[in-house]
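Note: hydrogens, waters and symmetry copies are ignored here, and every other heavy atom, side chains too, is used. If you're wondering where the values come from, they're calculated on a predicted model, not measured in any experiment. Below, read A as the first sequence line, B as the second, and so on, with proteins coming before strands; counting in each chain starts at 1.
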Amino acid sequence: MDKVRVRFAPSPTGFLHVGNARTALFNWLFARQSEGVFILRIEDTDIKRSASEYESRLKKDLCWLGLDWDEGPDIGGRFGPYRQSLRIDIYRSYTQKLLEEGKAYYCFCSLQELEKERKRAISLGKMPVYSGRCQAISLEEARRRVDAGEQAAVRLRTPEKGDIRYNDLVRGTLNFDLKLIGDPILVRSNELPAYNYAVVIDDSLMEITHVIRGEDHISNTPRQILIYKALSLTPPQFVHLSLVMGKDNTRLSKRHGATAIDQFEKQGILSSSLFNYLALLGWAPPEGEEVLTKNELVELFNLKKVSRSAAIFDYDKLHWINRQHIKELSSRQKAELAYPYLKESKLLPEKMTDAHWEWLEKAVESLIERVDRFSDLPEQFVKLFEFSPSRMEDKTKEELETDCALRVIYLFAEKISRLDSFDYDKFASLTHEIKRETGCKGKDLYHPLRVALTARDSGLDLDKFIPLVEKGAKLSFPKPLKNCSQRISEVLNFLK
RNA sequence: GCCCCUGUCGUCUAGCUUGGUCUAGGACAUCGCCCUUUCAAGGCGGCAACACGGGUUCAAAUCCCGUCGGGGGCGCCA
């Protein structure tokens with residue numbers, strides 16, 4: 001079998017979004033697992049909408065996701081250039097050939113005329129198809145008119161009867177009636193190639209073996225096959241992927257949540273998590289194990305097993321997968337990933353000492369399991385830094401005012417004031433004494449202490465909380481961390 | 001409107017090619033229980049689907065036909 005060559009061919013008219021990214025990812029996965037070549041080609045023939053900022057954003061996002069290309073703009077390759085705007089001469093030479101052979105013809109119809117015909121066809125309940133009116137104009141006459149400055153597009157002359165069928169790797173045989181396909185535009189009157197034409201020439205010249213793209217291209221495929229035929233070229237294997245939808249079953253868009261790839265990055269979704277989730281959208285691993293690394297996915301992926309029906313993007317599952325991937329990180333990695341969010345929230349200083357990092361590693365290790373993205377971490381850290389008995393909820397405050405609670409807290413305050421240092425071991429022995437002296441135990445003993453130390457009725461285990469607060473109190477933070485003894489005396493003041 | 005694609009738990013899916021092993025499996029979400037001084041995490045368990053109607057067959061999620069639903073396309077956009 002020939003070496004697999006696939007391509008991702010975005011037009012630089014917007015950011016890389018989930019749908020495109022998944023198409024790119026499936027192409028990449030297929031290329032890597034078959035030890036083939038993954039090509040990036042920029043389809044920038046729509047000069048009005050294309051912009052180079054988008055191209056660099058696209059490339060940046062692909063890199064972040066870990067989709068590296070073997071041939072493409074900037075890095076080049078044997079089949080360049082990889083930007084369509086640089087290939088205009090190539091298309092032009094093919095056009096001349098088609099025109100001479102009579103396989104294509106100039107069309108002088110105005111946009112208004114065409115629009116009118118289209119509307120009429122629809123109102124008659126028919127598929128709008130170009131009438132073929134300009135087919136009769138001879139090449140000599142057409143050239144004369146073009147030289148005289150008349151605007152003309154170039155159309156492919158297609159057969160009127162019969163059908164076009166092709167095999168789609170995930171959908172099987174697809175059949176299209178030629179009566180419903182008009183003569184497609186090859187070259188627009190501004191002399192730039194139309195999408196269907198440029199794609200065929202590029203895919204063929206770049207020796208693409210498999211065209212893996214979105215389902216929205218299914219109906220372009222017969223037109224493209226017609227172009228391959230006119231050019232005496234062999235079409236590649238086509239693979240049409242179903243589309244990605246939002247919760248309400250409409251095409252995924254901003255109102256469903258994040259859709260641009262860099263938004264996920266900003267939220268603290270690991271690229272390995274998005275990669276993993278995207279691969280699972282429309283495909284399932286044979287053994288059912290869903291949390292997978294890039295390498296495992298390359299190994300297990302099977303293009304033929306891709307689902308034919310549209311899939312809804314599920315943020316919950318993405319988040320769950322992200323959690324699983326975060327767990328695999330080392331403490332240091334977690335801390336480094338968490339830091340920017342915490343610095344941004346003014347919880348951590350600009351300059352971090354070794355002691356800060358050591359503390360942060362422990363803090364993140366304890367708190368990360370309560371969130372599924374790094375962007376949610378600051379609100380967990382706030383619970384550590386913020387201690388204000390006066391802002392306690394009434395319900396929580398009441399829990400402090402029971403008989404047992406009051407006795408426990410006062411006794412604890414008295415005992416802690418006699419210590420010059422505090423840690424969890426000391427906490428354990430104090431509570432042991434308090435239990436003996438007050439007779440309060442279990443929840444009656446621990447819960448008041450939790451509330452007194454945190455001003456909240458839920459949170460970290462105290463064996464994690466106490467060391468964090470005690471060690472943190474010795475470090476400098478934008479907003480200082482109070483130690484246990486400070487906290488208890490504030491609560492006492494508050495209760496008076 | 002016309003053409004094309006598609007239809008298994010709320011969601012992603014396994015099973016469908018080669019009917020029986022499917023009282024339809026897994027995962028997310030949800031609910032409950034356990035663990036636990038709280039919350040979270042974790043462990044265990046529950047709820048929950050073959051779109052509908054006809055065939056074919058001893059037997060259909062699996063094959064055939066129809067209906068309905070969802071999506072896409074119908075550009076000198078890509």
Could you check whether the rings of [X] and [Y] sit parallel, tilted or perpendicular, using 30° and 60° as the cut-offs?
| X | Y | value |
| --- | --- | --- |
| A/Phe427 | A/Phe422 | perpendicular |
| A/Tyr166 | A/Phe176 | parallel |
| A/Phe313 | A/Tyr315 | perpendicular |

Ignoring backbone atoms, establish whether [X] has a side-chain N or O less than 4.0 Å from OP1 or OP2 of [N].
| X | N | answer |
| --- | --- | --- |
| A/Thr45 | B/A78 | yes |
| A/Arg188 | B/C77 | yes |
| A/Arg118 | B/G75 | yes |
| A/Lys305 | B/G15 | yes |

*Would you kindly check whether a donor in the side chain of A/Arg49 faces an acceptor in the base of B/C77, or vice versa, at under 3.5 angstrom?*
yes
*Select base, sugar-phosphate, or nothing to describe what A/His217 touches, counting heavy atoms under 4.0 Å on all strands.*
base
*Heavy atoms under 4.0 Å, any strand shown: does A/Glu43 hit a base, just sugar-phosphate, or nothing?*
sugar-phosphate
*Candidate list A/Arg323, A/Gln324, A/Glu296, test side-chain contact (heavy atoms from CB on, under 4.5 Å), partner A/Val291, passing option*: A/Gln324
*asked:* Measuring only the C1' atom in each nucleotide, how far is B/C68 from B/A59? A whole number of Å is fine.
replied: 28 Å
*Using the C1' atom on both, measure B/U57 against B/G20 and round to a whole Å.*
12 Å
*asked:* Protein within reach of the bases, or only the backbone? For nucleotides 29-38 of chain B, mark each nucleotide 5' to 3' as B, S or -, using heavy atoms under 4.0 Å.
replied: S-------BB
*asked:* Test your reading of the model: is there a side-chain donor-acceptor pair from A/Tyr277 to the backbone of A/Asp314, 3.5 Å cut-off?
replied: yes
*Could you note down all residue pairs passing side-chain hydrogen bond (donor to acceptor under 3.5 Å, both in side chains) where residues 422-434 of chain A supplies at least one of them, sequence neighbours left out?*
A/Lys415-A/Glu433, A/Ser421-A/Lys426
*So which nucleotide from B/C76, B/G73, B/C74 ends up closest to the side chain of A/Pro128?*
B/C74
